[in-house]
Structure formats: C-alpha cells, structure tokens
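Written out below as structure tokens is the structure these notes cover.
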Amino acid sequence: MPELPEVETVVRDLRPLLCGQCLAAVRTSRHQLRQPWKRAWVSAIVGKRVQAIRRRGKWIILDLESSSHLLVHLGMTGRFTVVESKIPKAAHTHVVFKLNEGGQELRFADIRRFGSVRYCATADELNLLLGGKLGPEPWEMDPSDWSQRLRSSRRCLKAILLDQSVIAGVGNIYADESLFVARLAPKQLGTRTTREQADRLLSAIVQVLDHAIEARGSSIRNYVGGNGERGEYQNEFLAYGRTGEPCQNCGRAIACIRLAGRATHYCPHCQRSRSQRSEVRSQRSEVRY
DNA sequence: ACAGGATCCTGGGGGC
DNA sequence: TGCCCCCAGGATCCTG
C-alpha cells in the first residue's frame, strides 16, 4: 500500500534512471485506469525529456520539457519501475514509456487499477489538480497551524490523518503507527486535542515517516521501489497488522476496530483518550473507597 | 458545511 | 481440491 515513504522511495530510485532521458514512445494497454488515458497525450509526450522527478503527498510528478508534467498515483497496488525492454511485461502493465538510452522502459503496472497516470500540458493544469486538495507535507507543517486544523475538526484523529487536504502523504499504515507513537486514541475527536497532543502527534508522524523512508517503505503485498526492490519497514510495525499481539509498551493485546471505513490498530491501554483515562480513575477511586 | 458511507478493482485467504 | 465469499484501502462521489 504505497503511502508517502513508499512513493518517496520510488522517486529516489527512479531519479538517476530517468533524469535527462527522453521518452521515445508510449504504449498503453486496453484496460483503462481510474483516469482514462487520452490518445492525444502520446504525441504530446513522445520526444520530451524528463527534467526532474519529485513527490507531492502520494503523487509522483515527472517534470518534462516545456513545462509539462506526468502525474502518477500508485493507488493500492501500483508499480512504477524502470526495467530492461527485453524483460517480458508483468501482468497488469498498463502504460509503458520507452526510454531513448540504455534499452530500458519505464513501466506502470497496477493489479487493482486504483492508480492513475495522466499528462498535464502546463504547470497551471498540474496545480489545479494537486494544489487545492493537498495539505502541507508533514515536514513543512506549521505546528500551530496543525493544532488549529485538528481542533477545528469534529472528526476523529484517525479520519483527520487520512484526509490528504489536511496533511499530505499519510495513509492507513502510518496513521496507525503515528498515533501509537504519540500514544493518542484513534477515536479521539479533533476538537478535544490539546496543543501538547497536537505537537506530540506531528513529531510522531515525522519520526515514523523518516524511519520508514530509511527502510525503503513497507512491502505488504505488491509494493516495490522504482528499482524493483522491496521495503523493510513492515518488520518494524508497532501497531498496524499486529492485532492480538502484545503492545511493546505495556504487553496488553493490540486491538483492531473500524474507523473512517478503515481497519485501525491501536493499544487500548496506552492510547486512551482523556475521557477514558478519567473514567478509569473514577472507577479506581470507587474501588478504593 | 460537514461527516460518514459506497464505489471502483483483483488476488489471496478462510470456511465449508 | 474447488468453490464462494469477504477483505485489503486511496481517492472520489453520494447521501443524510
């Protein structure tokens, strides 16, 4: 499931392989992706050089000559890799860009077709697609702005973390991991978040993402980096996918509930909300007196 | 206005 | 062994 660390890994892998290369030909499969491929894009792309490759949230942006762009999203099962042209195409390969040097191809494969590849003729078109609907990158988030964003939402923290217009790049895995590190309840409402908790959560997000990028992201099912290598962060999960296993802080079992339509893993003891803590305190005092 | 749910899609795993 | 059903979840659309 490619989230920010996986997308960042793909971009870092592809950068030395793509920058300066010319896209010499484009082939597409007959299966349409989420964003239908337009035939006119082929002639617009062919012959253009890749000037840069970068990431914004979970989106991959290839900057092409004459201020045009390729915008790629890996969805759930997308793979964006450079491979030797002679290697047979994997199943579910939907778009292939032939590179002018080295006998290689840039291939986009996606089993579930939740991903997308599209062409933007101008920077304005790209900004229109991404600009309005993506919040700041976690490293660039202003802490007081972040606190404000949390406190003005009546949604639970888990739902807010998944909202790309609030903070860009966090998905289900890193939302659970960040909330665990910050020791905050996924169910806690944004409006009930203190400034101290907001600071704690933002540091946890940055810490978890930095660590995951170092490990080349998490390979759960299909994900591989731009060079085809898997990630290793799945071996370091503290909460995600560890239902029933002991919490590394307190030893109690990690629970799994459904929040914002997503499986949510957390420690019911370490990640209690303030109201839950005071409930426990009053129960204890009842027992004592 | 906002929150939550349904939808798209395929492979893998569990149950029978 | 084989079949059916459910689950995984990012973005977007729909509903209350």
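Chain A is the first sequence line, chain B the second, and so forth, proteins listed ahead of strands; every chain is numbered from 1.
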- Pick the nucleotide of DNA chain B nearest each of A/Arg262 and A/Arg113; which residue has the one closer to the 5' end? A/Arg262

- Note on the structure: Between NE2 of A/His73 and P of C/dA11 the distance, given in whole Å, is 3 Å

- Note on the structure: Rounded to the nearest 0.5 Å, the CG atom of A/Leu33 sits from the NE2 atom of A/His73 at a distance of 12.5 Å

- Message: Would the base of C/dA8 count as contacting A/Arg112 through its side chain, where contact means a donor and an acceptor less than 3.5 Å apart?
- Response: yes

- Note on the structure: When pairs are called at under 3.5 Å and a stem needs at least three consecutive Watson-Crick or G-U pairs, the stems of DNA chain B are B:2-16 with C:2-16

- Nearest-Å distance, CD1 (A/Ile173) to P (C/dA8)? 13 Å

- Contact check, side chains of A/Trp139 and A/Asp210, non-hydrogen atoms, under 4.5 Å: yes

- Task: Return yes if a side-chain donor-acceptor contact under 3.5 Å exists between A/Glu232 and A/Asn235, otherwise no.
- Result: yes

- Rounding to a whole Å, what distance do you find between A/Met76:CE and C/dA11:P? 11 Å

- Could you please spell out the steps behind the salt bridge (Lys or Arg N to Asp or Glu O under 4.0 Å) verdict for A/Arg262 and A/Asp176? CA-CA 10 Å; A/Arg262 299 289 173 253; A/Asp176 283 3; over 6 Å; no

- Query: Are A/Leu130 and A/Leu74 grouped together when hydrophobic residues (ILVMFWY) are joined by side-chain heavy atoms under 4.5 angstrom apart?
  - Reply: no

- Query: Does B/dC9 have OP1 or OP2 sitting under 4.0 Å from an N or O in the side chain of A/His92?
  - Reply: no

- Spacing of A/Asp163 atom CG relative to C/dA11 atom C1', expressed in whole Å: 11 Å

- Task: Enter the distance from A/Glu6:CD to A/Ile173:CD1 here, rounded to the nearest 0.5 Å.
- Result: 6.0 Å

- Message: Parallel, tilted or perpendicular, judged at 30° and 60°: which one describes the rings of A/Phe108 and A/His94?
- Response: tilted

- Query: Just checking, is any N or O donor in the side chain of A/Asp199 or A/Trp146 under 3.5 Å from an acceptor N or O on the other one?
  - Reply: no

- Query: Is it true that atom NZ of A/Lys38 has more than 12 heavy atoms of other residues, nucleotides or ligands lying nearer than 6.0 Å?
  - Reply: no

- Task: Taking the six-membered ring for Trp and the full ring for Phe, Tyr or His, determine whether the centres of A/His69 and A/Tyr119 are under 6.0 Å apart.
- Result: no

- Apply salt bridge (Lys or Arg N to Asp or Glu O under 4.0 Å) to the pair A/Lys89 and A/Glu105, showing each step before the final yes or no. CA-CA 10 Å; A/Lys89 283 206 299 283; A/Glu105 292 177 344; over 6 Å; no

Every protein N/O within reach of nucleotides 1-5 of chain B N/O, cut-off under 3.5 Å:
residue : atom : partner  : partner atom : Å
B/dA3   : OP1  : A/Arg154 : N            : 2.9
B/dA3   : OP1  : A/Arg155 : N            : 3.4
B/dA3   : OP2  : A/Arg155 : NE           : 3.4

Between protein and nucleotides 12-16 of chain C, what N or O pairs are separated by less than 3.5 Å?
residue : atom : partner  : partner atom : Å
C/dT12  : OP1  : A/Lys133 : NZ           : 2.9

